[in-house]
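Here the structure is laid out as structure tokens; the discussion comes afterwards.
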Amino acid sequence: MAATLLPTLSPPVSRAAAAFLLRRAPLKPSRYLHPPPTLRRLLSSSSCPATPPLGLRPVSTMPSTAAARAVPARRDLLMLGIETSCDDTAAAVVRGDGEILSQVVSSQADLLARYGGVAPKMAEEAHALVIDQVVQKALDDAELSESDLSAVAVTIGPGLSLCLRVGVHKARQVAKAFGLPIVGVHHMEAHALVSRLVNKDLEFPFLALLISGGHNLLVLARGLGQYIQLGTSIDDAIGEAYDKSARWLGLDMRKGGGPALEELALEGDPNAVKFKVPMRQHKDCNFSYAGLKTQVRLAIESKNLCTEDVPISSASEEDRQLRANIAASFQRVAVLHLEERCQRAVEWALKMEPSIKYFEVSHQTSMLGLA
């Protein structure tokens, strides 16, 4: 839901959102920084003039978008936000001053349990089945109609292309019918900014840890549209590690891998299995969870646990305790890795921006058991 709740209203756009993360040195463009080609075509086919997406440039040379995008907080501005980047269909209505009038989420928990995670084609079909009802309920709960809206915001990436296009199609449908501008929203930028809706004291600059199923990012936010990436996942993100470990341990995935694993970990000894903390020899702020995932799988195999055939609900007391010990040991190291990278990011950020007062943590609770 965070991806649709931006605290400011953008002018009419029909382009891919400007690159969100600015690097310290030139890098090859990442596939996560811009929406997929299909979505770019969908957006560029709207009636607004198209503008090519910005490349990765240093903060000092990147044109300021704050003046163009920031408008005075006005209660008469009404934004419909649509989010379909992964496994939940969500919509919200927000005023220009940040007041959230409604928010509706349709979960795909049953599909997650059935397929052991997100199945893109099934997720797309589930989004398509409920998107109209979700948007309509968001409007009804806000006691508004489409004709009352000022604009429509929609997530355009990063995310699953099949899922993203459902939201983009719905946004274009509403925008065309009621002559509204469309605002393309970068998923991870929205995660960084959404806290400003409810935490009015959160001022720039601030440091943000952004965690979702497929991403770990440490970002120094200097202003609207001005971000420096301090660290990112070099392989798997923590959400992926939680989900895979939960599945390998035979847990109930309907509540999400993170919450399921955290619940089991409460029964275990966090020091029972000596997992290695990733990347301790690397003096940067990047994350790596692929190796920890492998350690979990090897630990399960070494203890001859038949987790694929025996779900946790049918496990013996001894078997359950072994699984709980693995879960607790995994969680201790997974969170410790987060802590160590965050500590380095704080030290690094303070050297660049000594006035920083806030450290924001934004995560998807469906993916992570860190709440």
Side-chain angles (χ1 to χ4, degrees), residues 1-18 20 35 39-40 42-51 53 64-85 89-105 131-157 164-200 202 223-225:
M1 194 67 256
T4 61
L5 305 182
L6 284 177
T8 57
L9 177 64
S10 304
V13 295
S14 60
R15 63 181 185 273
F20 158 50
L39 296 184
R40 289 204 294 271
L42 281 171
L43 289 169
S44 63
S45 64
S46 72
S47 58
C48 303
T51 303
S64 174
T65 58
R69 298 200 303 176
V71 297
R74 289 170 43 189
R75 289 183 58 80
D76 59 327
L77 294 175
L78 294 167
M79 176 79 77
L80 168 66
I82 298 173
E83 149 67 7
T84 61
S85 63
T89 310
V93 178
V94 185
R95 287 192 184 278
D97 62 358
E99 180 185 357
I100 303 171
L101 300 182
S102 67
Q103 50 184 329
V104 179
V105 179
I131 185 67
D132 290 341
Q133 297 95 306
V134 168
V135 169
Q136 188 58 53
K137 180 166 175 52
L139 291 168
D140 292 344
D141 289 353
E143 299 183 351
L144 298 169
S145 67
E146 289 93 335
S147 59
D148 297 313
L149 298 172
S150 305
V152 181
V154 60
T155 307
I156 58 174
L164 286 165
R165 70 183 185 184
V166 175
V168 170
H169 176 75
K170 180 62 179 179
R172 290 186 67 239
Q173 188 180 61
V174 174
K176 181 178 180 180
F178 294 90
L180 300 172
I182 296 178
V183 179
V185 177
H186 190 292
H187 191 170
M188 301 308 291
E189 180 180 23
H191 274 302
L193 298 181
V194 69
S195 293
R196 301 181 74 221
L197 284 178
V198 292
N199 300 307
K200 304 302 182 182
L202 182 58
L224 194 62

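From a predicted model like this one, the values you see are computed outputs, not experimental measurements. Both backbone and side-chain heavy atoms feed into the values below; hydrogens, waters and symmetry mates do not. All residue numbers refer to positions in the sequence shown, counting from 1.
For Ala92 against Ala138, the heavy-atom pair with the smallest separation is N-CB, 4.3 Å. Here the shortest heavy-atom pairing between Ala90 and Val134 reads C-CG1, 3.9 Å. Nearest heavy atoms, Ser85 versus His187: OG-CE1, 2.9 Å. Nearest heavy-atom pair, Ser195 versus Leu202, reported as atom, atom and distance to 0.1 Å: CB-CD2, 3.7 Å.
If you take CD on Glu83 and CD1 on Ile131, they are separated by 9.5 Å, rounding to the nearest 0.5 Å. With rounding to the nearest 0.5 Å, the separation of CD1 in Ile82 from NE2 in His169 is 10.5 Å. Annotation: the span from Leu164 atom CG to Thr84 atom OG1 amounts to 5.5 Å, rounded to 0.5 Å. Between Met188 atom CE and Leu193 atom CG the span is 11.5 Å, to the nearest 0.5 Å. Residue Arg95 holds its CZ atom at 12.5 Å from CD1 of Ile100, rounded to the nearest 0.5 Å. Atom CG of Leu149 is separated from atom CG of Leu77 by 11.0 Å, given to the nearest 0.5 angstrom.
With contacts defined as side-chain heavy-atom distances shorter than 4.5 Å, the pair Val152/Met79 does not qualify. Contact check for Val168 versus Ile182: no side-chain heavy atoms found under the 4.5 Å cut-off. For the pair Leu78/Leu101, a side-chain contact is recorded, criterion being any heavy-atom separation below 4.5 Å from C-beta on. In this structure, Leu139 and Asp148 have side chains that are not in contact, with every pair of non-hydrogen atoms separated by 4.5 Å or more.
Here Lys176 pairs with nothing under the side chain to side chain donor-acceptor pair (under 3.5 Å) rule; sequence neighbours left out. For Asp132, the salt bridge (charged side-chain N to carboxylate O under 4.0 Å, His left out) test picks out Lys170, with sequence neighbours left out. A search for side chain to side chain donor-acceptor pair (under 3.5 Å) contacts involving Asn199 returns nothing, not counting sequence neighbours. In this structure Gln133 satisfies the side chain to side chain donor-acceptor pair (under 3.5 Å) test with no other residue, sequence neighbours excluded. The side chain to side chain donor-acceptor pair (under 3.5 Å) test applied to Glu146 returns no partner, not counting sequence neighbours. Under the salt bridge (charged side-chain N to carboxylate O under 4.0 Å, His left out) criterion, Asp140 pairs with no residue at all, not counting sequence neighbours.
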